[in-house]
Amino acid sequence: MKQLQSIKWEDGKLTIIDQLLLPLETNYIQITSVEEGWDTIHKMQVRGAPAIAIVGCLSLAVELSKKEYQDKEELFGTICTKLDYLVTARPTAVNMKNAVVELKKYVLKLHTDSKVSTQDMVTRTCGWCERFLENDIDNNKKLSDFGAKSVLAAADGVDKVCLLTHCNTGSLATAGYGTALGVVRSLHSAGKLEHIYCTETRPYNQGSRLTTYEIMCEIMPGTLVCDSTVAALMAHKKIHAVLVGADRVAANGDTANKIGTYQLAVVAKHFSVPFYVCAPTTSIDFTLPAGCHIPIEERPNDEMTCVAGKRLACPGISCWNPAFDVTPADLITGGVVTEVGVFKPSELIQKLNTNDTF
Ligand SMILES: CSC[C@H]1O[C@H](OP(=O)(O)O)[C@H](O)[C@@H]1O
């Protein structure tokens, strides 16, 4: 089965699927500058923490390849300014910020190395961005295999598992394969998936528009449920695990993810269903000690009051439309699934923090 490719990088040309048109229209749009990259991220034509960082970095690569730079000083200043701008497109997901920190370190080395020419610095900066895309797919497959093993081990010896997921964390949220939905893919490939339930995920409907699209593309056994159904679902159907993604995991394991994740974790706790956060280590922010420090993006009211451009809510009503909430680490009972293993939230600092921030 051909994997869905939300991001295409071919001979220095960047195109993305316009996710605002899915599932009924699959339309690729080309990104030719950092400005366009920022816009497509801000408008959520591309979304998903890893995908945001990848499109941001590749939009820089596209722009750098098109221009001549007088010297490395001008080039270094341009790269830093453009990267800082890209971080402002959406504040909650940490992947773009983490990529900026790493890429700036890499570029600074090139800048200070007298043996590196200006053109060589452009070429090697673009190469970093291309590797960043390739690494994400590789990380997702490793993460998904770790997660599949952990879910099966916790499922009391059943041969096939029934799972519930929220939002979209598949190929449309990453460079490919996905995180939480990647775990579902790995279980499906191994013949171990009984059923995957996905929530609509109002108000952007990542679940009903995007996750159902991926489930149907790969003919996985899936069912769509309203966000309000999850307690009834766990009360009446056997759910072996809840799998969600992450936009930012704080050092103590508190996790910011799509709005509705927190209440899903509370319901899972009530029914003693293991709750897993599935995210590459690029989604962890060790500079933040706890989730209360994570900035939560609020989206425009009309994304909540209208559906497909048609107004539902009464004009004049005030709205509160946070795009994310923070799930406390103690509700993440299954663990944090990463490309280097599955960890208890309390283990993250000791096992994964290479920056000795704390
Ligand atoms: C692997 S994607 C992580 C995360 O990103 C999504 O948010 P959005 O669709 O607003 O970009 C969602 O929270 C996913 O779980």
Side-chain angles (χ1 to χ4, degrees), residues 4 6-7 16-20 22 38 40-56 87 89-99 136-137 139-141 143-144 147 164-185 198-214 227 242-249 254-265 275-285 291 294-300 303-304 321-327 332 336-339:
L4 193 58
S6 67
I7 303 166
I16 58 146
I17 292 182
D18 181 349
Q19 297 190 27
L20 289 172
L22 289 175
W38 191 97
T40 52
I41 291 165
H42 186 70
K43 287 190 292 195
M44 294 180 68
Q45 288 173 288
V46 62
R47 32 63 50 199
I52 288 169
I54 292 159
V55 168
V87 173
R90 292 191 70 198
T92 303
V94 74
N95 305 58
M96 188 73 240
K97 179 194 140 196
N98 281 347
D136 185 60
I137 299 173
N139 286 344
N140 294 337
K141 289 181 176 168
L143 173 163
S144 299
L164 170 62
T165 193
H166 185 58
C167 197
N168 173 259
T169 58
S171 298
L172 291 169
T174 65
Y177 206 79
T179 57
L181 199 59
V183 175
V184 177
R185 277 195 166 97
C198 64
T199 61
E200 286 180 307
T201 318
R202 284 254 322 132
Y204 183 92
N205 299 304
Q206 289 90 336
S208 50
R209 296 190 305 110
L210 308 179
T211 299
T212 60
Y213 183 79
E214 295 201 43
D227 300 332
V242 176
L243 303 170
V244 299
D247 290 83
R248 194 181 303 220
V249 182
D254 293 346
T255 297
N257 195 54
K258 186 49 51 197
I259 189 74
T261 302
Y262 185 7
Q263 66 192 18
L264 187 50
F275 188 90
Y276 292 88
V277 164
C278 308
T281 51
T282 51
S283 299
I284 304 176
D285 185 351
I294 299 174
I296 299 299
E297 176 188 11
E298 293 197 18
R299 298 286 303 178
E303 290 185 2
M304 209 177 109
N321 186 17
F324 303 97
D325 55 26
V326 177
T327 299
I332 303 172
V336 179
V337 182
T338 76
E339 72 280 14

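Numbering of ligands and ligand atoms starts at 1, following listing order.
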Within the 4.0 Å heavy-atom cut-off around ligand 1, the contacting residues, ordered by chain and number, are Met44, Arg47, Gly48, Ala49, Pro50, Arg90, Cys167, Asn168, Thr169, Ala173, Thr179, Gln206, Gly245, Ala246, Asp247, Asn257, Lys258, Phe324
Is the number of heavy atoms from other residues, nucleotides or ligands within 6.0 Å of CD (Glu303) greater than 12? yes
Set of side chain to side chain donor-acceptor pair (under 3.5 Å) partners for Arg202, sequence neighbours left out: none
Which atom of Ala53 lies closest to which atom of Ala99, heavy atoms considered: CB-CB, 4.5 Å
Counterpart residues, side chain to side chain donor-acceptor pair (under 3.5 Å), relative to Tyr262 (two or more places apart): none
With sequence neighbours left out, what residues match Thr211 under side chain to side chain donor-acceptor pair (under 3.5 Å)? Asn168
For Ser171 and Ser6, which heavy atoms make the closest approach, and how far apart are they? O-OG, 3.0 Å
